[in-house]
2 protein chains.
Amino acid sequence: MANSPTPPAPDDLLKLGNQLCFPFYAVSRQLTKAYQPYLQALGLTYPQYLVLLLLWEHERLTVKELGERLLLDSGTLTPLLKRMEQQQWLSRRRDPRDERSVVISLLPGGRALEAQACHIPAQMLAKVGLTLTELDALRTQLTHILTRLT
Amino acid sequence: MANSPTPPAPDDLLKLGNQLCFPFYAVSRQLTKAYQPYLQALGLTYPQYLVLLLLWEHERLTVKELGERLLLDSGTLTPLLKRMEQQQWLSRRRDPRDERSVVISLLPGGRALEAQACHIPAQMLAKVGLTLTELDALRTQLTHILTRLT
DNA sequence: AAAAAATAAATTGCGCACAATTAAACATTA
DNA sequence: TAATGTTTAATTGTGCGCAATTTATTTTTT
């Protein structure tokens with residue numbers, strides 16, 4: 001049988017094992033490490049991979065749009081995008097119609113990475129040992145929490 | 001009814017919304033941000049808070065033991081612990097019986113933070129809007145994934 | 001006991017994250 | 001239209017996180 005809701009034993013609330021936060025923090029970092037061998041082969045970091053996922057789907061996005069989707073601000077994105085620009089994966093230029101915006105456009109070099117990356121999701125799924133059903137359920141829960149937090 | 005397992009539509013595998021990784025990455029960062037107001041009031045960063053959670057429970061731990069429990073290495077911990085030492089929250093000294101090890105001991109200043117931190121878990125739980133039952137279930141799943149990844 | 005291997009921290013270097021500030025362009029209002 | 005306010009990126013500064021290397025100590029093997 002499942003355990004009934006743990007009674008809030010006041011002594012234990014500050015133990016690491018009972019924290020809400022730590023499992024997320026730990027899983028997130030270990031997941032990123034698990035991606036590492038695949039991404040390293042492409043010369044990518046994990047957040048750079050996330051940027052490419054969006055550009056493979058959308059081709060052109062402003063820094064603001066990237067930031068909204070990834071929940072990152074320009075303090076993180078600007079230097080990251082500059083590094084990706086140096087690799088010729090994308091271009092950065094001001095929108096002529098609104099000079100405040102910077103449009104990020106996928107370049108051929110960035111598109112070429114897509115073919116090499118297409119096997120990563122399945123390999124990662126196998127690595128964490130989740131079924132598609134479990135994955136879906138988890139994603140639903142996490143998305144719900146994310147909504148509460150943003 | 002619950003959705004049946006999404007058939008692996010090959011075109012969609014590289015879309016951000018279908019990634020395993022992103023929800024964890026995003027939730028972890030948003031959770032840390034949600035802790036921020038409470039931790040800032042104590043002058044703590046989030047990983048420093050994790051270190052204190054362990055020291056409140058164990059009083060003395062080596063850097064190695066902290067690293068095993070938090071899944072962090074000395075490259076992260078050493079400078080972090082030095083900053084906490086400067087705040088007089090803990091002390092760092094070599095173990096006389098094995099000069100390779102550094103023992104981290106809780107100081108009165110660090111113990112004093114415990115009383116101020118004891119309300120954080122309940123406040124955070126309310127913030128994310130999870131019941132204790134949901135929290136337990138989620139923690140079980142995450143711990144399982146963590147086991148697969150480490 | 002001497003040499004080799006293993007262990008624990010520290011160090012170095014790079015890339016995020018993010019708060020806070022700045023600067024430029026655009027929008028709104030008086 | 002001039003003044004004010006808003007929006008978008010860039011910049012600055014701090015603190016992780018982690019791979020790779022180095023240093024010191026201990027253990028194991030010859």
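All figures in this text were calculated on a predicted structure; none of them were measured in a lab. Just the heavy atoms: all of them, side chains too, but no hydrogens, waters or symmetry mates, feed the values below. Letters A, B, ... are given to chains in the order of the sequence lines, protein chains preceding strands, and every chain is numbered from 1.
- Distance CG/B:L20 to CG/A:L138: 8.0 Å, rounded to 0.5 Å.
- Nearest-nucleotide positions on DNA chain D place A:V103 closer to the 5' end than the other of A:V103 and A:K33.
- In this structure, the nucleotide among C:dA10, D:dC16, C:dA19 sitting nearest to the side chain of B:T45 is D:dC16.
- Residues B:Q19 and A:L53 share a closest heavy-atom pair of CG-CD1, 3.4 Å.
- Closest to the B:K64 side chain, of the nucleotides C:dA9, D:dA10, D:dC16, is C:dA9.
- In this structure, B:R69 does not pair ionically with B:E65, as no charged nitrogen and carboxylate oxygen lie closer than 4.0 Å.
- The 5' end of DNA chain C is approached more closely, in terms of each residue's nearest nucleotide, by B:T76 than by the other of B:T76 and A:Q48.
- Within the 4.0 angstrom heavy-atom criterion, only backbone atoms of the sugar-phosphate kind lie near A:T62; the bases stay farther away.
- Distance from the side chain of A:P47 is smallest for C:dA17 among the nucleotides D:dC16, C:dA9, C:dA17.
- Heavy atoms of B:L80 sit under 4.0 angstrom from primed sugar atoms or phosphate atoms, though from no base atom.
- With values rounded to the nearest 0.5 angstrom, B:M124 atom CE is found 7.0 Å from B:Y38 atom OH.
- Between B:Y25 and C:dC16 there is no side-chain polar atom (N or O) within less than 4.0 angstrom of OP1 or OP2.
- The distance from atom CD of B:Q36 to atom P of D:dT14 is 16 Å, rounded to the nearest whole Å.
- Out of D:dA10, D:dG17, C:dA9, the shortest distance to the side chain of A:V102 is found at D:dA10.
- Counting all heavy atoms, side chain and backbone alike, A:C21 lies closest to B:L50 at SG-CD2, 4.3 Å.
- Contact between the side-chain N/O atoms of A:R83 and the OP1/OP2 oxygens of C:dC16 is found at a separation under 4.0 Å.
- In terms of phosphate contacts, B:K82 brings no side-chain nitrogen or oxygen within less than 4.0 Å of OP1 or OP2 of D:dG15.
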Table of protein N/O atoms under 3.5 Å from nucleotides 20-29 of chain C N/O atoms:
from, atom 1, to, atom 2, distance (Å)
C:dC26, OP1, A:E99, N, 2.9

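- Straight-line distance from the OH atom of A:Y35 to the P atom of D:dC18: 16 Å, rounded to whole Å.
- The two residues B:R92 and B:V102 have their closest heavy-atom pair at CB-CG1, 4.1 Å.
- The side chain of B:R29 contributes an N or O atom lying less than 4.0 Å from OP1 or OP2 of C:dC18.
- Annotation: B:Y46 is in aromatic contact with A:Y25 [ring centroid separation under 6.0 Å].
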